[in-house]
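Structure record follows, encoded as structure tokens.
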Amino acid sequence: MEKQKKKARHSKHPHNRQYKDRLWRMIFNNKEDLLQLYNAINHTDYQNPDDLEVNTLEDVLYLSMKNDVSFLVGGTMNLYEHQSTFNPNMPLRGVFYFSRVYEGYVADNNLMIYHEKRVRLPKPKYIVFYNGTKNQPDSMELKLSDCFENTDNEAPCLECTATMLNINYGHNQELMKHCRRLEEYSIFVQCVREYIQSEPSVEDALEKAIDTCINQDVLADFLKKHRAEVTNMILTTYDKDLYEKTLKEDAREEGRAEIRAELNQLTICLLNAKRYNDLEHAAKDIEYQKKLLKEFGIELNGTK
């Protein structure tokens, strides 16, 4: 009875997709793990974690190397952010982040931006680690310019590019091969998802997921040390019903996108054939749509 009451209390906690974001930052709070991730992303081989300068800007990690010679003549300013949902507005967030970071860099280094001599700045590199349930490619570039209206084919004076890397299990295997910690995180999240679908409660799912990962040496040292904290973090931010609803909504949205693509294909076929009356008729009659789709050999998702 007490166990049932405990489960009921947890089931009432509001849903917050940020539990994975918090877990990711908690794992990579360790400078050795973060250095491994840094090396995997930048194809470098730094060995001393103390050479990595880490600053936190809200939920973003700002990274640089203390002793990187190239940093003295430009170098790289790295911003890492974890996202549990796909967000095409990340480049706009990047503009805000970089503006604040560069302002601090100029002040810290006493750079004279009003003189005739050009100042030297580290180049920006913005990486977004995506771990949501919506299907996304291994890598995607998101650009600020895609948000602009009325560009009239003229290049905007401002641009910011975010490289989004899908870190769900099975994606970016080459990156995972060079960063075992990131791979372990990916496996753990996938394990939690699978057990949540099969177990009667989130508590039971977490217990099994953590035990399984420890037994398979996946985040074993981290989970042994922070088991209670990880469990509490997920329990206080997770709503199973809303999670399942989100999965269904994502699936429906993907289905609608497929239908739109297939209907667009039908429209093109009818326009090319100059069958304008059929196009108008199909827009008003779903059964006639199906008949035309079958005629052109287009399979519409959900139709028979």
Taking atom types as modelled, find out whether Ser84 and Asn131 have a side-chain donor-acceptor pair closer than 3.5 angstrom.
-> no
Quick one: are Gln47 and Asp45 in side-chain contact, heavy atoms under 4.5 Å?
-> yes
Which distance, rounded to the nearest 0.5 Å, do you find between the CG of Leu223 and the CG of Asn215?
-> 11.0 Å
Whether Gln36 side chain and Arg180 backbone form a donor-acceptor pair below 3.5 Å = yes
Test side-chain hydrogen bond (donor to acceptor under 3.5 Å, both in side chains) applied to Arg181 and Tyr185, step by step | CA-CA 6 Å; Arg181 208 54 155 179; Tyr185 166 75; over 6 Å; no
For Pro156 and Ser145 the tightest heavy-atom approach is CG-CB, 3.8 Å
Side chains of Leu219 and Cys213 in contact at under 4.5 Å (non-hydrogen atoms) | no
Anything under 3.5 Å between a donor and an acceptor, one on a side chain of residues 136-143, the other on a protein residue two or more places apart or in another chain? List them.
{"unit_1": "Asp138", "atom_1": "OD1", "unit_2": "His171", "atom_2": "ND1", "d": "2.7"}
{"unit_1": "Asp138", "atom_1": "OD2", "unit_2": "Asn172", "atom_2": "N", "d": "3.2"}
{"unit_1": "Lys143", "atom_1": "NZ", "unit_2": "Thr161", "atom_2": "OG1", "d": "3.2"}

Aromatic ring centroids of Tyr38 and His43 under 6.0 Å?
-> no
Atom CE of Met176 and atom CD1 of Ile187: how far apart are they, to the nearest 0.5 Å?
-> 8.5 Å
To the nearest 0.5 angstrom, please state how far the CZ atom of Phe188 sits from the OH atom of Tyr169.
-> 15.0 Å
About how many Å separate CE of Met112 and NZ of Lys117, when rounded to the nearest 0.5 Å?
-> 12.0 Å
Shortest non-hydrogen contact from Pro122 toward Met77 | CG-CE, 3.7 Å
Ion pair Arg227/Asp211, N-O distance below 4.0 Å | yes
CZ/Phe98: more than 12 non-hydrogen atoms of other groups inside 6.0 Å = yes
Looking at side-chain heavy atoms only, is the closest gap between Ile127 and Lys125 below 4.5 Å?
-> yes
If you draw a 6.0 Å radius around NZ in Lys208, do more than 12 non-hydrogen atoms from other residues or ligands fall strictly inside?
-> no
Reported CG-to-CG distance for the pair Asp33 and Leu182, which is rounded to 0.5 angstrom = 10.5 Å
Do the side-chain N and O atoms of Tyr130 and Thr85 include a donor-acceptor pair separated by under 3.5 angstrom?
-> no
Could you pull out the closest heavy-atom pair between Cys160 and Val95, with the gap in Å?
-> CB-CG2, 3.7 Å
Can you name the closest pair of heavy atoms from Asp217 and Glu184 and give their distance?
-> O-OE2, 3.3 Å
Taking every non-hydrogen atom, the tightest pair across Pro91 and Leu144 | CB-N, 3.4 Å
Let me see the working for Tyr80 and Val128 under side chain to side chain contact (heavy atoms under 4.5 Å, CB included), right down to the final yes or no.
-> CA-CA 6 Å; Tyr80 289 177; Val128 176; over 6 Å; no
Apply side-chain hydrogen bond (donor to acceptor under 3.5 Å, both in side chains) to Glu81 and Tyr97, showing your working.
-> CA-CA 11 Å; Glu81 186 168 11; Tyr97 294 143; 3.3 Å; yes
Could you check if a side-chain atom of Ile167 sits within less than 4.5 angstrom of a side-chain atom of Trp24, using non-hydrogen atoms only?
-> yes
With distance as the sole criterion, is a donor-acceptor pair present between the side chains of Tyr195 and Glu207 under 3.5 Å?
-> no
Could you check if a side-chain atom of Val106 sits within less than 4.5 angstrom of a side-chain atom of Val119, using non-hydrogen atoms only?
-> no
Answer with yes or no whether the side chains of Asp204 and Ser201 bring together a donor and an acceptor at under 3.5 Å.
-> yes
Would His226 and Met233 satisfy side chain to side chain contact (heavy atoms under 4.5 Å, CB included), going step by step from the backbone distance to the final call?
-> CA-CA 10 Å; His226 301 287; Met233 178 192 304; over 6 Å; no
How about Lys290 and Ile286: do any of their side-chain heavy atoms sit closer than 4.5 Å?
-> yes
Where the side chain of Asn48 meets the backbone of Asp50, is there a donor-acceptor pair that is under 3.5 Å apart?
-> yes
Report, as yes or no, whether the 6.0 Å neighbourhood of atom CD on Glu32 holds more than 12 heavy atoms from other residues, nucleotides or ligands.
-> no
Under 3.5 Å, is there a donor-acceptor pair between the Asn78 and Tyr126 side chains?
-> no
What pair of heavy atoms forms the shortest contact from Phe148 to Leu158, and how long is it?
-> CE1-O, 3.4 Å
Examine distances only and state if a side-chain atom of Asn109 and a backbone atom of Tyr105 form a donor-acceptor pair shorter than 3.5 Å.
-> yes
Check step by step if side chain to side chain contact (heavy atoms under 4.5 Å, CB included) holds for Arg193 and Thr133.
-> CA-CA 10 Å; Arg193 285 172 175 164; Thr133 57; 4.0 Å; yes
Within a strict 4.5 Å, meaning less than it, do heavy atoms of the Asn135 and Asn168 side chains meet?
-> no
Side chains of Phe129 and Thr163 in contact at under 4.5 Å (non-hydrogen atoms) = no
Check the pair Glu174 / Lys177 against salt bridge (charged side-chain N to carboxylate O under 4.0 Å, His left out), numbers first and verdict last.
-> CA-CA 5 Å; Glu174 187 65 22; Lys177 185 171 70 174; 3.4 Å; yes
Rounded to the nearest 0.5 Å, how far does CG of Leu111 lie from CD1 of Ile113?
-> 8.5 Å
Should Leu206 and Glu199 be marked as a side chain to side chain contact (heavy atoms under 4.5 Å, CB included) after you check the CA-CA gap, both sets of side-chain angles, and the distance that decides it?
-> CA-CA 9 Å; Leu206 286 177; Glu199 295 301 313; over 6 Å; no
